[in-house]
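Structure provided below as structure tokens; questions to follow.
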Amino acid sequence: MNFDRHRRLRSSTFMRDMVRETKITKEDLIYPIFVVEKDDVREEVPSMKGVFQISLNLLEKELDAVKEAGIKSVIFFGIPKEKDAEGHGAYDDNGVVQEACRISKRLHPEILVILDTCLCEYTDHGHCGLIDPDTQDVDNDSTLPLLVRTAVSQARAGADIIAPSNMMDGFVSEIRKGLDDNGFSHIPIMSYGIKYASKFYGPFRDAADSTPSFGDRRTYQMDPANRLEAHRELSSDLEEGCDMMIVKPALSYLDIIRDVRDRSDVPVVAYNVSGEYAMTRTAIDMGLLDEAVIMEQMISMKRAGADMIITYFAKDICRMLDEGME
């Protein structure tokens with residue numbers, strides 16, 4: 001018989017492990033943590049089983065668990081005690097994520113801290129910038145100085161990476177200049193420059209208390225139907241000085257992850273968002289899917305070209321890796 005014997009390389013577990021092309025490691029994972037500016041709160045997010053809002057005074061236990069699991073990087077999202085139209089809590093030097101960063105650095109300085117740089121969690125209207133009273137839309141240019149103040153405040157608190165997620169035009173260049181002018185030229189920017197106006201964000205808005213009180217975010221987040229637009233966003237952010245690029249969401253946008261990998265040489269980050277997490281978690285809990293599907297999803301993101309993955313499954317993945325599941 002004259003045909004190829006592809007099964008030779010699938011003949012045993014050891015053989016399959018040896019020739020595996022894509023692997024997940026703990027270093028690939030970034031774990032999101034929601035911190036609240038209230039004492040003694042550890043409340044599970046109703047739409048995200050296993051994900052909690054955690055007070056600063058209870059953060060030590062969570063960070064200890066992160067360290068024990070072997071997670072190397074975290075990203076903090078904050079829920080302030082008070083919100084206002086200009087999102088003052090975002091650029092308060094003693095704000096909730098700034099304090100979370102200081103706590104993390106004091107307890108576990110080896111854990112890499114990424115801070116989300118946006119206003120939506122801090123504004124009473126839930127949008128990512130200042131609202132133009134005439135158009136009732138986000139005013140791009142007047143928002144930029146507040147984003148710069150936020151980034152500088154976060155760097156001052158000890159953030160290792162600034163991750164702006166607001167999708168304002170020019171946000172990378174303005175933040176880069178602001179960081180450089182304030183002595184933080186060594187701090188990298190992980191840009192959410194390719195962020196789609198997705199329905200997969202619903203549970204996150206529950207967790208971060210950031211649902212817009214009017215309208216939506218389609219004037220600044222991208223149309224899910226567009227691919228070439230992502231190329232333009234990538235080109236702009238690279239020119240403006242981003243050091244890493246996030247694609248958000250991940251599973252429905254694997255083609256975009258591949259495009260970014262093929263078109264750039266910066267590290268690519270896939271954001272496995274809240275809706276993707278909630279669907280998978282529910283299906284597993286209902287017995288519809290085996291837990292191994294989590295690893296399959298992560299591998300799909302790595303295979304598409306992601307170097308790192310922001311995921312609420314990080315603890316589960318670390319446990320599965322410890323158990324030898326790949």
Side-chain angles (χ1 to χ4, degrees), residues 32-43 52-60 62-63 74-107 109 111-131 138-168 171-172 174-184 186-192 204-205 207-213 220:
I33 301 176
F34 297 95
V35 286
V36 297
E37 204 171 20
K38 297 178 182 178
D39 287 339
D40 303 321
V41 172
R42 190 177 187 274
E43 296 180 355
F52 295 83
Q53 293 180 338
I54 302 171
S55 294
L56 292 172
N57 69 317
L58 302 180
L59 188 55
E60 180 174 356
E62 179 71 6
L63 291 170
V74 299
I75 181 168
F76 286 116
F77 298 93
I79 302 96
K81 188 181 300 182
E82 296 179 356
K83 303 189 178 196
D84 57 54
E86 296 186 353
H88 282 88
Y91 39 92
D92 182 346
D93 282 344
N94 298 310
V96 62
V97 298
Q98 287 86 344
E99 290 301 319
C101 180
R102 292 186 181 102
I103 291 170
S104 182
K105 285 302 177 185
R106 174 171 55 82
L107 295 173
I111 293 177
L112 195 75
V113 174
I114 305 165
L115 294 186
D116 177 74
T117 307
C118 195
L119 302 184
C120 64
E121 296 142 50
Y122 305 90
T123 56
D124 53 14
H125 47 74
H127 280 283
C128 299
L130 300 180
I131 302 300
V138 173
D139 186 323
N140 191 97
D141 293 7
S142 68
T143 296
L144 292 174
L146 300 185
L147 297 173
V148 173
R149 288 179 63 184
T150 301
V152 172
S153 173
Q154 293 173 341
R156 193 179 292 124
D160 296 293
I161 298 173
I162 298 300
S165 61
N166 51 86
M167 286 297 287
M168 296 296 107
F171 70 108
V172 172
E174 292 300 302
I175 289 173
R176 182 71 274 158
K177 183 177 185 302
L179 290 172
D180 292 352
D181 289 348
N182 284 274
F184 297 109
H186 60 289
I187 300 294
I189 295 175
M190 179 187 285
S191 172
Y192 285 75
F204 175 92
R205 292 171 183 174
D209 189 22
S210 62
T211 302
S213 60
Y220 45 102

Side chain proximity check, Thr150 to Leu119, heavy atoms < 4.5 angstrom: yes
Closest heavy-atom pair and its distance - Thr143, Val138: OG1-CG1, 3.9 Å
Taking every non-hydrogen atom, the tightest pair across Ala90 and Cys118: CB-O, 3.7 Å
Note, Glu62 side chain near Val35 side chain (heavy atom, < 4.5 Å): no
Pairing residues for Phe52 by the side chain to side chain contact (heavy atoms under 4.5 Å, CB included) criterion, not counting sequence neighbours: Arg42, Glu44, Ile54
Reported NE2-to-CG distance for the pair His127 and Asp139, which is rounded to 0.5 angstrom: 13.5 Å
Leu115 and Cys101, any side-chain heavy atoms less than 4.5 Å apart: yes
Side-chain touch Leu144/Phe171, heavy atoms, less than 4.5 angstrom: yes
N/O donor-acceptor pair under 3.5 Å between Asp92 side chain and His88 backbone: no
Min side-chain heavy-atom separation Ile189-Ile175 under 4.5 Å: yes
Separation of Asp116 CG from Phe76 CZ (nearest 0.5 Å): 12.5 Å
Distance, nearest 0.5 Å, that separates CZ of Arg156 from CZ of Arg102: 9.0 Å
Leu147 vs Glu174, side chain to side chain contact (heavy atoms under 4.5 Å, CB included): CA-CA, chis, key distance, verdict: CA-CA 8 Å; Leu147 297 173; Glu174 292 300 302; over 6 Å; no
Separation of Met168 CE from Leu130 CG (nearest 0.5 Å): 9.5 Å
CD1 on Ile131 to CG on Asp124, rounded to 0.5 Å: 9.5 Å
Side-chain (Glu37) to main-chain (Lys81) donor-acceptor, under 3.5 angstrom: yes
Asn166 side chain vs Cys128 backbone, donor-acceptor pair below 3.5 Å: no
Side chain proximity check, Asn140 to Tyr220, heavy atoms < 4.5 angstrom: no
Minimum-distance pair of heavy atoms, taken over all atoms of Tyr192 and Ala163: CE1-O, 3.4 Å
Minimal non-hydrogen separation, Gly178 against Val148, with atom names: CA-CG1, 3.7 Å
pair Val96-Leu56: side-chain heavy atoms closer than 4.5 Å: yes
Pairwise distance OG1(Thr123) to CD(Glu86) - rounded to 0.5 angstrom: 11.0 Å
Within-4.5 Å side-chain heavy-atom neighbours: Gln98 and Ser153: yes
Crowding at NZ, Lys105 (>12 non-hydrogen neighbours, <6.0 Å): yes
Main-chain N/O of Ala85 paired with His125 side-chain donor or acceptor, under 3.5 Å: yes
Which atom of Val172 lies closest to which atom of Ser191, heavy atoms considered: CG2-OG, 3.7 Å
Check: Glu121 main-chain N/O paired with Lys83 side-chain donor or acceptor under 3.5 Å: yes
Nearest heavy-atom neighbours spanning Ile187 and Ala159: CD1-O, 3.4 Å
Under 3.5 Å: donor-acceptor pair, side chain of Glu60, backbone of Ile103: no
